[in-house]
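Working notes, beginning with the structure itself.
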Amino acid sequence: FFSKEQMLLFYYARLRKNEEAIFLKAVDRLHNLRSLPNNDLKKIKRQIKETRQVYLPMFATINGDLKQPAQVLIQKIIEQLETLEQENSL
């Protein structure tokens, strides 16, 4: 790999191939968002943007046995994003 962007693209491509991995990433992202309030505003903005643009669309592709739990998890992520935006006047 030659750049951080290329590494991320490779990571996202591999992640999209495994619904269980996507689900676990959703759990991890919710935890990360809940841990953000003590960080600087720049990091909070970056995490919110990345979650909305990259991860929420990916999480929405989960089907099968994980679909219903994923929908609950997605809703919790959206609620946490909204809380962060309100708390930081974004």
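Not measured: the values here are computed from a predicted model.
A donor-acceptor pair under 3.5 Å links the side-chain atoms of D40 to the main chain of K42, judged by distance alone. N63 places a side-chain N or O within 3.5 Å of a backbone atom of T61 that can act as its donor or acceptor partner.
Taken to the nearest 0.5 Å, the CG atom of L36 stands 8.0 Å off from the OG1 atom of T51. To the nearest 0.5 angstrom, I48 atom CD1 is 10.5 Å from E82 atom CD. Summarising the geometry, atom OH belonging to Y55 is positioned 14.0 Å from atom NZ belonging to K49; distances are rounded to the nearest 0.5 Å. How far CD of Q71 is from CZ of F59: 14.0 Å, rounded to the nearest 0.5 Å.
Heavy-atom contacts from other residues, nucleotides or ligands closer than 6.0 Å to CD of E85 number more than 12. Within a 6.0 Å sphere centred on CG of D65, heavy atoms belonging to other residues, nucleotides or ligands number 12 at most.
When the side chains of ILVMFWY residues are joined at heavy-atom separations under 4.5 Å, either directly or via intervening members, V72 and L66 end up in two distinct hydrophobic clusters. Under a hydrophobic-cluster definition in which Ile, Leu, Val, Met, Phe, Trp and Tyr are linked whenever side-chain heavy atoms come within less than 4.5 Å, directly or via other members, L56 and V54 are assigned to the same cluster. When hydrophobic clusters are built by joining Ile, Leu, Val, Met, Phe, Trp and Tyr residues whose side-chain heavy atoms come closer than 4.5 Å, directly or via intermediates, L8 is grouped together with M58. L90 and L84 fall within a single hydrophobic cluster, where Ile, Leu, Val, Met, Phe, Trp and Tyr side chains are chained together by heavy-atom contacts under 4.5 Å.
Contact between K17 and A13 at its shortest, heavy atoms only, is CG-O, 3.5 Å. When all heavy atoms of K67 and I62 are compared, the pair lying nearest together is CG-O, 3.7 Å. Between I22 and L15, the shortest heavy-atom contact is CG1-O, 3.3 Å. Contact between L73 and L30 at its shortest, heavy atoms only, is CD1-CD2, 3.7 Å. Considering every non-hydrogen atom in both R34 and P37, the closest pair reads O-CD, 3.4 Å. Listed here is the closest heavy atom pair of R52 and P57: O-CD, 3.4 Å.
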**OP:** In sequence, state the C-alpha distance, the side-chain angles, and the governing distance for Q47 and E50, and then conclude on side-chain contact (heavy atoms from CB on, under 4.5 Å).
**Re:** CA-CA 5 Å; Q47 289 279 347; E50 182 180 54; 4.1 Å; yes

**OP:** Mind running side-chain contact (heavy atoms from CB on, under 4.5 Å) on L33 and T83 for me, showing each step along the way?
**Re:** CA-CA 10 Å; L33 292 171; T83 297; over 6 Å; no

Quiz: residues 74-81 side-chain donor-acceptor pairs under 3.5 angstrom, not counting sequence neighbours:
unit_1	atom_1	unit_2	atom_2	d
Q75	NE2	E79	OE2	3.4

